[in-house]
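Have a look at the structure below, then the notes.
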Amino acid sequence: MPFTLATWNINSVRLRAGLVQKLLCDEAPDVLCLQECKSPVENIPFELFAEMGYGYWAARGQKGYNGVAILSRLPLQDAGHIDWCGKGDARHVAATLENGVTIHNCYVPAGGDVADRTVNEKFGHKLDTLTEMRDHFRANLPEKSILVGDLNIAPREDDVWSHKQLLKVVSHTPIEVEHLGNAQEAGGWVDVTRADIPEGLLYSWWSYRARDWDAADKGRRLDHIWASGDIAAAGHGSRVLRAARGWEKPSDHAPVFATFDL
DNA sequence: ATGGTCGAGGATCGA
């Protein structure tokens, strides 16, 4: 049975519960992975989503920061979470569907403003998270698995509006791209979005600070869908719902979709 | 070169 999955950094699931409902109503993915819920799990309005048929969920939360949730209209089982860097952050949750596919929903640290870990510990935290991801997936080779989320790195030249102008900007620096590539390679993860859409500029995030985000179009592809090598060929239909960036009181991220025939 | 905008939570911090 094919299923469609979406990933979206919602930037407060309570403030934007209505936008989550709109996405579920308009696009009807089978599974929706959210990041930056910014809420303890007990304060997330799961009942609003259950009313729409999304009665299954797995989540990790904390007050004010981070937070990841998987909403599903297919039954799922919580498959635990990983506390990258031992900070107690809610940056990962996993769940397994009845078809045996495990979904990892990840929120990698943004990394602060300066791309130098000797003066910016947030940047070090970001790199260390990616190193732990590398080591984890090297030791636990994923099978029948999908990894999604806001990885806060745009790895390719055509994942940003200007490769040259962003080379020293956190999210597109060579050392981040290298760390992300190491984590991807260690797990044998395939970038499903780029396997589907190998050519051309593709973004999933546009800053709030632009006067006119749509006209300026200075985007970055920070949100990703990866699949383990054994199921990657089942992935297709990848797209970014750019229109969601223009909704009322939007998140600064747009949802990314893929369908898997499994 | 700089500043620009959000959200949480009630001053800043994180993005």
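In what follows, chains are A, B, ... by sequence order, proteins preceding strands, each numbered from 1.
- Positionally, the nearest nucleotide of DNA chain B for P250(A) lies more toward the 5' end than for the other of N66(A) and P250(A).
- Using C1' as the reference atom, dA15(B) and dG3(B) are 16 Å apart when rounded to the nearest Å.
- Separating the C1' atom of dG9(B) from that of dG14(B) is a span of 13 Å, rounded to the nearest Å.
- A distance of about 23 Å separates the P atoms of dC6(B) and dT2(B), rounded to the whole Å.
- R245(A) comes within contact range of no nucleotide atom at all, as no heavy-atom separation falls under 4.0 Å.
- With a heavy-atom cut-off of 4.0 Å to chain A, the contacted part of DNA chain B has its first and last nucleotide at dG4(B) to dA15(B).
- Nearest-nucleotide positions on DNA chain B for D252(A) and S207(A) put S207(A) closer to the 5' end.
- With salt bridges taken as basic N to acidic carboxylate O contacts below 4.0 Å, one links R194(A) and D158(A).
- Screening residues 76-95 of chain A for salt bridge (charged side-chain N to carboxylate O under 4.0 Å, His left out) gives R60(A)-D78(A), D89(A)-R91(A) as the qualifying pairs, with residues at least two apart or on separate chains.
- In this structure, F260(A) and F3(A) have parallel ring planes: the angle between them is below the 30° cut-off, well short of the 60° mark.
- Here the CZ atom belonging to R16(A) is positioned 13.5 Å from the CG atom belonging to L23(A), to the nearest 0.5 angstrom.
- Looking at heavy-atom distances under 4.0 Å, K218(A) makes no contact with the nucleic acid at all.
- R220(A) has no carboxylate O lying under 4.0 Å from a charged side-chain N of D252(A), or vice versa, which leaves the two without a salt bridge.
- The pair R242(A)-D217(A) meets the salt-bridge criterion, since a charged nitrogen lies less than 4.0 angstrom from a carboxylate oxygen.
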